[in-house]
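Below: the structure, in structure tokens.
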Amino acid sequence: MELGTTPLYLTNICKEIFKKENMEFKKILCYVSIIFSSIVAVIGFVSVVVSVYIGDIFVRILLVIIALLFSVLSYYSFVRLHKRKEMVGLLVFTVIVFLVAYCLPMFPPEYGLRQYDLDASILKFMMASVILVVIGMAGASFSMKPLYDFSSKSSEASAYYILIASIFLILYPLAIIIGNIISSGIGGISWEFLTQDVRRHGTQGGILPALIGSLLIMMGTALIALPLGIGSAIYLHEYAKKGVIVRVIRIAVDILQGTPSIVHGLFGLALFVPIFGISLLSGILIMGFLTLPIIIRASEEALKSVPQNLREGSYAVGATKWQTIRRVVLPPALPGIITGGVLGLGRAAGETAPIMFTAVVFMGAGVPTTIFNPIQALPYHLLELTKYIGAYPVEQNAWATAFLLLAIVLGINAMAIIIRERYRVEF
Amino acid sequence: MMTMIKEHNKKFGKAIVVLTVSIVLGAVFLSGCTDQETTTITIKGSSTVLPIAESCAEAFNAAHNDIKVTVAGGGSGLGIKSVATGEADIGDASREVKQSEIGEYGDIFIDHKVALDGVAVIVSKAIYDAGVTDITMDQLKGIYNGSISNWQDLGGPDEEIFVNEREEGSGTRDTFMDIVDLDETSADKANSANSQVKQAVSGSDVAIGYVGLGYISDETPALKIDGVYPSGATIKDESYPISRSLHMYTNGEPTDAVEEFLNFVMGSEGQAIVEEEGFISIL
Amino acid sequence: MLKDRIIQNIFFIVAAFSIFIIFFIFFFLFQEAFPAFQTMGWDIFGTNWNVAKGQYGIGAAVFGTLIVTAGAMIIAIPLGIMGAIFSSELAPLKIRVILKPLIELLAGIPSIVYGFIGITLLVGYLQPSFDMLSGYSLLTGSLILGVMALPIIVSMSDDAMKAVPRQLKEASLAVGATKWQTIKKVTIPTSISGISAAVILGIGRAVGETMAVSLVLGNMMKIPIPPWDMFETTGATVTSLIAHEMGEAAGLQINALFAGAVILFIVVAIMSISSNILQERIEKKFRGG
């Protein structure tokens, strides 16, 4: 029975256990050990996250069960599998777990790090929880070893287990952020919220001017960045010869892409604000420069994906370069370019630092009459509300603003991904 | 295959065109709603004056269709600088203009007192409930220069003190440091607005910080200093040691819209707002 | 033909515009920063930041940036590479199709939202959990930055590992290695340039991030004692310093803040260029065979 390369061991394990012909003691033992250890690890993790200590007794019981399971495993490895060295390894693990279970009550309620000049202590719940997580994960991955008779397959299985765990760890913050924002924020969204002006330091009323401002920034950014970006990409991919200048341009685009948003903001502060003041125009210009590399990158990728023979076919019938680009290369590349544009818009909607010094105020801007007026914007609004939490009762509006901002930005990004996938033409 | 592409792109192109047109129409429609000539008044400066400025601006904007008041924070230093350079029409400050500023920008500042205020020392509710309700000037100085670091020394629990101060450039900070007689502090956190001090203090069980009067609340109660509680009465008769006035400065005499707004703030409506925000009316 | 020439030149100018932007950025930043370098010389990296006395040593902020970035990388590099190994080598197609967009989603979350979550959830969680004086600390900043840098490292490392030619992997399996051994001994060493490029870009992101970090730090321009004490409330990064002080800065202070921005710009520029060079090297390797 080959578990193959699919890492869905847990579900497979459950299926396996209940297949009569596979009921072998070793397998049952290992599976039980894996499942139990995983549960212990999860308990530990949850305990850390909600800052709750499940109590000395429970922890000790869990640890003792693991130790028992492992003592059986190590006995089994020795007697049945005749693996001396590995048995010793498992035995050592067993002993360690027993010791920890025994010593647990002796742990101080907090282990002060202050003796090391660190301004913190590790509280007992944290100690116990981390121990549970570590022992649980170690136990689960060690349990894989006897399952595969300590072959190289078993190290593979252990490694896979850890890798799967890492994915959960990576997705966990995502779940926390999105989950909390949706649950706490959605309640604050209402028609009034979306259509009224900011009132009473943002505690009441709505965010309409911020929405409008963000929309204006997005539009203006598209106006600046799309022509410049698509044009640059066309030059870089269609016209450019390998030369120094092209290399320099590419380096410049790279640097531009990596430039921190606050540096862009300061640039705007130094160059545009003295000329245009704090205005929509300054914000659009800066945001345009910020999104430019994104559009250049995406457009270049799109152009690259158009196969060369299309172009050659066009030249063969006598079209000029520009005619070729316009009629043969651009149309199929359009979805990719649009994807880039949409991603750039998403960025423009969510950035705070570039507009902080160059375009926005917290209230009073309303709908700007000219592009030389300041505006309000969603991310800046959220920033100010965040600063007010604890000082004014803005919580509900703050969560609602976060929800709206997240929904808009993620929605735009999702749209870009959908466009990319749906209109992907396979050559 | 080319036809497939063309079909895809036709649908695509249509979608894009529809989206763009609707956005443009929407923007035109919205901007068409505010067609009249509006004068904008820009206010920048102290985060202490900010709630007053914001609430007055809100009321004023609602009553005047042709004047738009925008308000931003940034600190008293920024407010004075902005009004001197013309970036703002009104500069909020929770302190008076310094001699050095007059030296740098000239004697151009016209002072409009809009409220009376005190710098209140707030503590976490847990500390207040534990019995620490009173503090002496010396103890305050000790806390901020680091010589007193445990609440025990003030009759509170055995916990380290989480000291909050304001950023440099804050009028509140200048007033506080001046009156408590400090040059530097050994504080733990620098906050860039009154509201952030309050945020830090309310989020902790062992914190102390200083804020304008309007930021005192049940979650962040104020201490008596040398037996005097910061209130309207004790500030007016100056028995509360850290009192000050709140100013809106203009560059030269204010005209038209700016003058109208300032009269509003210093008049009965504005002063009612001042009191609502927790500060003390000058009337 | 002439029309074509003209069009080509137009496109060239458009493309060259990017160079101009970079040049302008550097020029204006440096112009504003120069007085600070001039007046203070190397003192600008000192740790005396006292606006009242006119001292503008941003050393404490640079230190803060270093610590916070290091902490973020300790989280992001192991987790990121492990996640990339999973998504590129182990995940069945059905899972990969969900996973990749999810990671991209994580990358798309605006930084102010991270800052917001930091204030509402993280600060309140960390303080009691580690018995810290307050939840505002360099540790908090590191945690948030670690999460922010993760998606970059995961997706770029994933691309790098996916780009390893199938023949290499199949050859390894053919001689009897397990999939994990193949990953360890073949895939990772071959894609190490791409992974390094990913890590470098992740560092660049962490160094330049402002909104997420500035809200959760203590923002005192002091180096903690001892320096590695991330649990202390004090600490600032170059980005948070600029974000907090620029609003009300004047005179030499502005120049000092711009000097900080120049440093950020140069550091991130170097990182972007190195990352690009590494990626070019990979392309050459696999194209040349």
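So you know, we letter chains A, B, ... as the sequences are listed, proteins then strands, and number each from 1.
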Contact part of [X] toward chain C, heavy-atom cut-off under 4.5 Å: side chain, backbone, both or neither?
X      : result
A/L123 : both
A/Q257 : neither
A/I296 : side chain
A/L383 : both
A/L171 : side chain
A/A398 : both
A/L269 : side chain
A/I170 : both
A/I230 : neither
A/I167 : side chain
A/L256 : both

Do you know which of [options] has the most heavy-atom pairs under 4.5 Å to chain A?
options                       : answer
C/R205, C/M82, C/M132, C/E209 : C/M82
C/I75, C/I117, C/L29          : C/I117
C/N276, C/V147, C/I183        : C/N276
C/I119, C/T210, C/I225, C/I10 : C/T210
C/M230, C/M211, C/M271        : C/M211
C/A261, C/A243, C/S137        : C/A243

Close side-chain approach of [X] to [Y], heavy-atom, < 4.5 Å:
X      : Y      : result
A/I177 : C/Y114 : yes
C/F258 : A/L266 : yes
A/T259 : C/V268 : no
C/F17  : A/S232 : no
A/I389 : C/F116 : yes
A/F125 : C/S129 : yes
A/V48  : C/Y125 : yes

Option in [options] with maximal non-hydrogen atom pairs under 4.5 Å from chain C:
options                        : result
A/I122, A/L410, A/I412, A/I251 : A/L410
A/T352, A/V246, A/L271         : A/L271
A/I417, A/N413, A/L382         : A/L382
A/I234, A/L385, A/V253         : A/I234
A/Y380, A/W399, A/F357         : A/W399

Residue pair [X] / [Y]: nearest heavy atoms and the distance that separates them:
X      : Y      : result
A/D119 : C/D229 : N-OD2, 3.1 Å
C/G108 : A/V409 : O-CG1, 3.3 Å
A/A252 : C/I19  : CB-CA, 3.9 Å

Structural part of [X] lying under 4.5 Å from a heavy atom of chain A:
X      : result
C/L99  : side chain
C/P151 : neither
C/L105 : both
C/E32  : side chain

(message) Is there a salt bridge (Lys or Arg N to Asp or Glu O under 4.0 Å) between A/R250 and C/E280? Walk through the geometry before answering.
(response) CA-CA 12 Å; A/R250 287 194 193 277; C/E280 270 185 19; over 6 Å; no
(message) Taking the six-membered ring for Trp, are C/F11 and A/W322 closer than 6.0 Å centroid to centroid?
(response) yes
Measuring from [X]:[atom1] to [Y]:[atom2], what's the distance to the nearest 0.5 Å?
X      : Y      : atom1 : atom2 : result
C/F265 : A/I262 : CZ    : CD1   : 14.5 Å
A/F267 : C/F27  : CZ    : CZ    : 10.5 Å
C/T120 : A/N180 : OG1   : CG    : 7.5 Å
A/L228 : C/I21  : CG    : CD1   : 6.5 Å
C/N9   : A/Y235 : CG    : OH    : 8.0 Å
C/L79  : A/F168 : CG    : CZ    : 13.5 Å

(message) How about CD1 on A/I245, more than 12 heavy atoms from neighbouring residues, nucleotides or ligands closer than 6.0 Å, or not?
(response) no
(message) Tell me whether A/R326 at atom CZ has more than 12 heavy atoms from other residues, nucleotides or ligands lying less than 6.0 Å away.
(response) yes
(message) Could you walk me through whether A/Y239 and C/F12 satisfy the side chain to side chain contact (heavy atoms under 4.5 Å, CB included) test, starting with their C-alpha distance in whole Å, then the side-chain angles of each, then the deciding distance to 0.1 Å, before giving a yes or no?
(response) CA-CA 8 Å; A/Y239 286 105; C/F12 173 69; over 6 Å; no
(message) Run A/L378 and C/I112 through side chain to side chain contact (heavy atoms under 4.5 Å, CB included) and show every step you take.
(response) CA-CA 10 Å; A/L378 270 183; C/I112 180 64; over 6 Å; no
(message) Donor-acceptor check, side chain of C/D4 to backbone of A/K321, threshold 3.5 angstrom: yes or no?
(response) yes
(message) Determine whether a donor-acceptor pair (N or O, by modelled atom type, separation under 3.5 Å) exists between the side chain of A/D254 and the backbone of C/S272.
(response) no
